[in-house]
Amino acid sequence: MRTILVSNRLPMTVSVDDGQIAITPSTGGLATGLRGPHQKNGGLWVGWPGDVSNVGPDQRESLDQRLVEQRAVPLHLTDEEHERYYQGFANGVLWPLFHYLLDKVALESRDFEVYRSVNERFADTVAERYRAGDLIWVHDYQLMLLPAMLRERLPDARIGFFLHIPFPSSEVFRILPWRTPILEGLLGADVIGFHTLTYMRHFAGSLLRTLGLESQVDRLTYQGRAIRLGAFPMGVDADSFATMADSVDVLAATDTIRKEANDRKILLGVDRLDYTKGLPRRLLAFKRFLERRPDLCDKVRFIQVAVPSREGIGPYEALRRQVDELLGHINGRFGTAAAVPVHYLYRTFSQTELAAMYRAADVMVITPLRDGMNLVAKEYCACRTDDDGVLILSEFAGASAELGEAIRVNPYDIDQLSLAYEQALEMKPAERATRMRALRQRVQNNSVHRWVRCFLEMLTETPEGTPGTRSSFTPKAIMNRIIEDVGSAAGLHVFLDYDGTLMPFVSAPELAAPDDELRALLVSLVARPGTRAHMVSGRRKDDLERWFGDLGMGLYAEHGLWLKPPGEDWVSLTEPIVSWKEKVRTIMEEFLDRVPGSFIEDKTAAVVWHYRDAEPEFAAHQAKELRTDLTAVLSNVPVEVLQGDRIIEVRMHGVHKGAIVQRILAEQPGAVILALGDDRTDEDMFAALPPEGYGIHVGPQPSKARYNLRDAVAARAFLRRLLGTGVPALALIPTNPLSLTSESPFRARLSGFQSFNC
Ligand code: ADQ
């Protein structure tokens, strides 16, 4: 199976030396980890090759050719695209917001459109290369719209997405003006991966708050597709770091670093120079440590390595100046003619040079304000095959969830951090060894190779497209065939649920009165020769009577407790047993007080708690509790506790929509039945259908129905097509049923079908 990897940058750097193009593979964690899937079965990697403006126009083609030979598909960005998609939107808006640094978010951004158009370009490039059966794995915050764009182009493809940075709490995420397209973009994927369970929960919370979409821990259904969410903590290539750290060259370089430190204990920081990494507070904490322990001033050395990053951009320039000032201040105040306490190295180092520093450091200081994972922490542990060294780690780095034996600190608490330096420097060798052994073991077990394997395994498990289950909704051609089949049937019964099936949900049940168009549609359906229409709802009979009593349909209220054949009175199909209602109401009233915005609806043989308008996360949680309480209290009572769409309903046992279907079939064996419904209570109806019946589920959730339509709009369009001849002119349809007189043409038409016996 071939994998197409997609990331903003290709895992290689292009340079030109003396007119000669050189392509150097990256050594970063991601490139190393993904080398396997990239090289296996002719895998491809799509991405930006970096700024190649120094490659002459005559050499461009040969550059692209050479990249293609390495199975890299270059997507060149114009200066404007780079400036606005990458710097402007990805790094100027998404990066600070996802790291909770709201003051760094660009005040005003007009770059989203360019972000969208570059994502489109990626989608076109991937779609051109895609072959049936490929896995597509998209990486990171620069490409969050890409999964949905790919889904549009390749409905049956298996698409994975991994976010390398944190996913913030929904309280922060919802600040983003483009929150809806970003979430919808991600939902194009089959598997959405995060470094930690916390980020995954935050994402699920944002889906609920922003799109009203509920997920069940690690899965959800969206537009008829099952989507998996997963926590996949990324690791490093621990074995190769360990081997490198034990090599003669690295051990020699380690020795040199130690000798240069002249018996001073070494604290080490290694970061990209980014405002998320917490450098200024780390240095301030070191200053406080030196102030408190002047006796140690000449006994410690802080080596801070900073890789230049995103140079020339406002907040990064400001950070560079701030760090320079702090360094000057600390070294000026605590330095001597012989030595300065902080050694600052502002450049890139090779992996072996880094390994030597890791090996030499008594204390590794990693204090990001937020960090998706932080691989440096893991590289440090992997290199410490000598089971020595102490790791100080921010609790706001994703790695902190795994590396419990580190000294975990709040990077904002400068006092605590300065005490952590002291604790680390004074830790006894036995404790250092115990902690480091455990850390290294875990880093080794959770290597980058395992990360790749776990993610791709989950993506591979995703079944390839089967109509109706994952590649969205039942195709129109199949729906047209149903119309042809039922259209010619002699005795057709159409069972229609109302809320959610013919009518989108509204906040209060009484606001969902049918519009003129719907009433017209129902009138035509009733008028259709050989057709009997039944409205089968969970609503009270007064609602159905008010809205549909004049249309000549069979009406079933409260899921079939009440029946009204056209032109007749309501009758109850079962004797309502309601002795339990008081008990249920008392319990629900407790939840009514707890959850503002919720309310209780009383029916003859059912009580319903609605929470559509309540705070979604809290209400969903309370709904679970209510269900548990009700189920426990009502265990010996003949009722059912049902979870509907933002409702909990307790209803009398044995009354369900399936019984209505059975009743019709008993009366008229061989009747052709078409049933449309959207929620849990309609599943009983679908389950009762004979094999030759037609069940159509409205909405994206999984269902027993064989066919599915997107929403109420699609359901109405389907019924209109069934009618074929269109609907009567609206002018004929009275909006207020009470205005009907027995002489009206409308009533005259109805009388014709009252001979139908529902
Ligand atoms: P980064 O923010 O770049 O990555 P990190 O995970 O620490 O952060 O990776 C940095 C990498 O750069 C490490 O592999 C390190 O060895 C290397 N590096 C650091 N200093 C260097 C130097 N001076 N010279 C050369 N190399 C140096 C993003 C997210 C992280 C997430 C990773 C992976 O921000 O949270 O862990 O992706 O998903």
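For clarity, every value in this text was computed on a predicted model and none was experimentally measured. Just follow the structure's listing: the first ligand is 1, and inside any ligand the first atom is 1.
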side-chain contact (heavy atoms from CB on, under 4.5 Å) between Met357 and Val270, worked out: CA-CA 9 Å; Met357 286 192 242; Val270 174; 5.5 Å; no
Test log, rule salt bridge (charged side-chain N to carboxylate O under 4.0 Å, His left out), inputs Arg158 and Asp134: CA-CA 7 Å; Arg158 282 174 295 187; Asp134 285 349; over 6 Å; no
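At the shortest separation from atom 25 (C) of ligand 1 among protein heavy atoms lies Phe349 O, 3.0 Å. Closest to atom 10 (C) of ligand 1, if we only count protein heavy atoms, is Val376 CG2, 4.3 Å. Protein heavy atom in closest approach to atom 8 (O) of ligand 1: Lys277 NZ, 3.1 Å. Protein heavy atom closest to atom 3 (O) of ligand 1, with residue, atom name and distance, is Arg272 NE, 3.0 Å. The single protein non-hydrogen atom nearest to atom 36 (O) of ligand 1 is Asn374 N, 2.9 Å, given as residue, atom name and distance. Looking from atom 15 (C) of ligand 1 to the surrounding protein, the closest heavy atom is Glu379 OE1, 3.5 Å.
Contact annotation for atom 17 (C) of ligand 1: protein absent (non-hydrogen atoms, distance under 4.0 Å). For atom 20 (N) of ligand 1, the protein comes within 4.0 Å by at least one heavy atom. The presence of a protein heavy atom under 4.0 Å from atom 12 (O) of ligand 1 is ruled out.
Close N/O approach between Gly372 and ligand 1 is found [any backbone or side-chain N/O within under 3.5 Å]. In terms of polar-atom proximity, Leu354 is not counted as a contact of ligand 1, lacking any N or O under 3.5 Å from an N or O of the ligand. Checked by distance only, ligand 1 and Asp371 come closer than 3.5 Å through their nitrogen or oxygen atoms. In terms of N/O distances under 3.5 Å, ligand 1 is approached by Arg347. The N/O atoms of Leu375, backbone and side chain alike, include one that comes under 3.5 Å of an N/O atom in ligand 1. Taking distance alone, with nitrogen or oxygen atoms compared against 3.5 Å, Met373 approaches ligand 1 more closely than that limit. For ligand 1, the polar-atom distance check against Thr348 finds no nitrogen or oxygen pair separated by under 3.5 Å. In terms of polar-atom proximity, defined here as any N/O pair under 3.5 Å, His164 does make such a contact with ligand 1.
Between Tyr344 and Asp324, the side chains place no donor N or O within less than 3.5 Å of an acceptor N or O (distance only, hydrogens not considered). Ser309 and Arg272 share a side-chain donor-acceptor pair at under 3.5 Å. A donor and an acceptor atom, one from each side chain of Arg209 and Ser170, are located under 3.5 Å apart. A donor-acceptor pair shorter than 3.5 Å cannot be found between the side chains of His82 and Asp51. Checking Gln39 against Arg71 by side-chain atom types alone, no donor-acceptor pair falls below 3.5 Å. Side-chain contact of Asp239 with Gln444: a donor-acceptor pair under 3.5 Å is present, judged by distance alone. Under the 3.5 Å distance criterion, with hydrogens and angles disregarded, a donor-acceptor pair is assigned to the side chains of Glu402 and Asn446.
The option from Val448, Val307, Asp140 that lies nearest to atom 22 (C) of ligand 1, judged by heavy atoms, is Val307.
Listed by number with element, the atoms of ligand 1 under 4.0 Å from a non-hydrogen atom of Trp95 are 34 (O). Atom numbering of ligand 1 starts at 1 in the shown order; those under 4.0 Å from a heavy atom of Met234 are 33 (C), 38 (O). Taking every heavy atom of Val305 and a limit of under 4.0 angstrom, the matching atoms of ligand 1 come to 23 (N). Close approach to Val270 involves these atoms of ligand 1, each under 4.0 Å from a residue heavy atom: 19 (C), 20 (N).
The six-membered or imidazole ring of Trp451 lies near that of Phe162, with a centre-to-centre distance under 6.0 Å.
Using 4.0 Å as the threshold, Glu353 has no heavy atom nearer than that to any atom of ligand 1. At a 4.0 Å cut-off, at least one heavy atom of His195 sits close enough to ligand 1 to count as contact. Residue Tyr141 places no heavy atom under 4.0 Å from ligand 1.
Neither the backbone nor the side chain of Tyr380 has any atom closer than 4.0 Å to an atom of ligand 1 (non-hydrogen atoms only). Here Arg370 has no heavy atoms under 4.0 Å from ligand 1, in either its backbone or its side chain.
Ion pair Arg84/Asp111 flagged as a salt bridge, since at least one NZ, NE, NH1 or NH2 atom sits closer than 4.0 Å to an Asp/Glu carboxylate oxygen. Taking 4.0 Å as the cut-off between side-chain N and carboxylate O, Asp190 and Arg228 do not count as a salt-bridged pair. A salt bridge is defined here as a Lys NZ or Arg NE, NH1 or NH2 lying under 4.0 Å from an Asp or Glu carboxylate O, and Arg301 with Glu260 fails to meet this definition.
Of the possible polar contacts, one joining the Asn331 side chain to the Val342 backbone as a donor-acceptor pair under 3.5 Å is found.
Phe89 and Trp178 have perpendicular rings, their planes meeting at more than 60° on a 0 to 90° scale where under 30° would count as parallel.
For the salt bridge (Lys or Arg N to Asp or Glu O under 4.0 Å) criterion with Asp388, the lone passing option out of Arg359, Arg435, Arg432 is Arg432.
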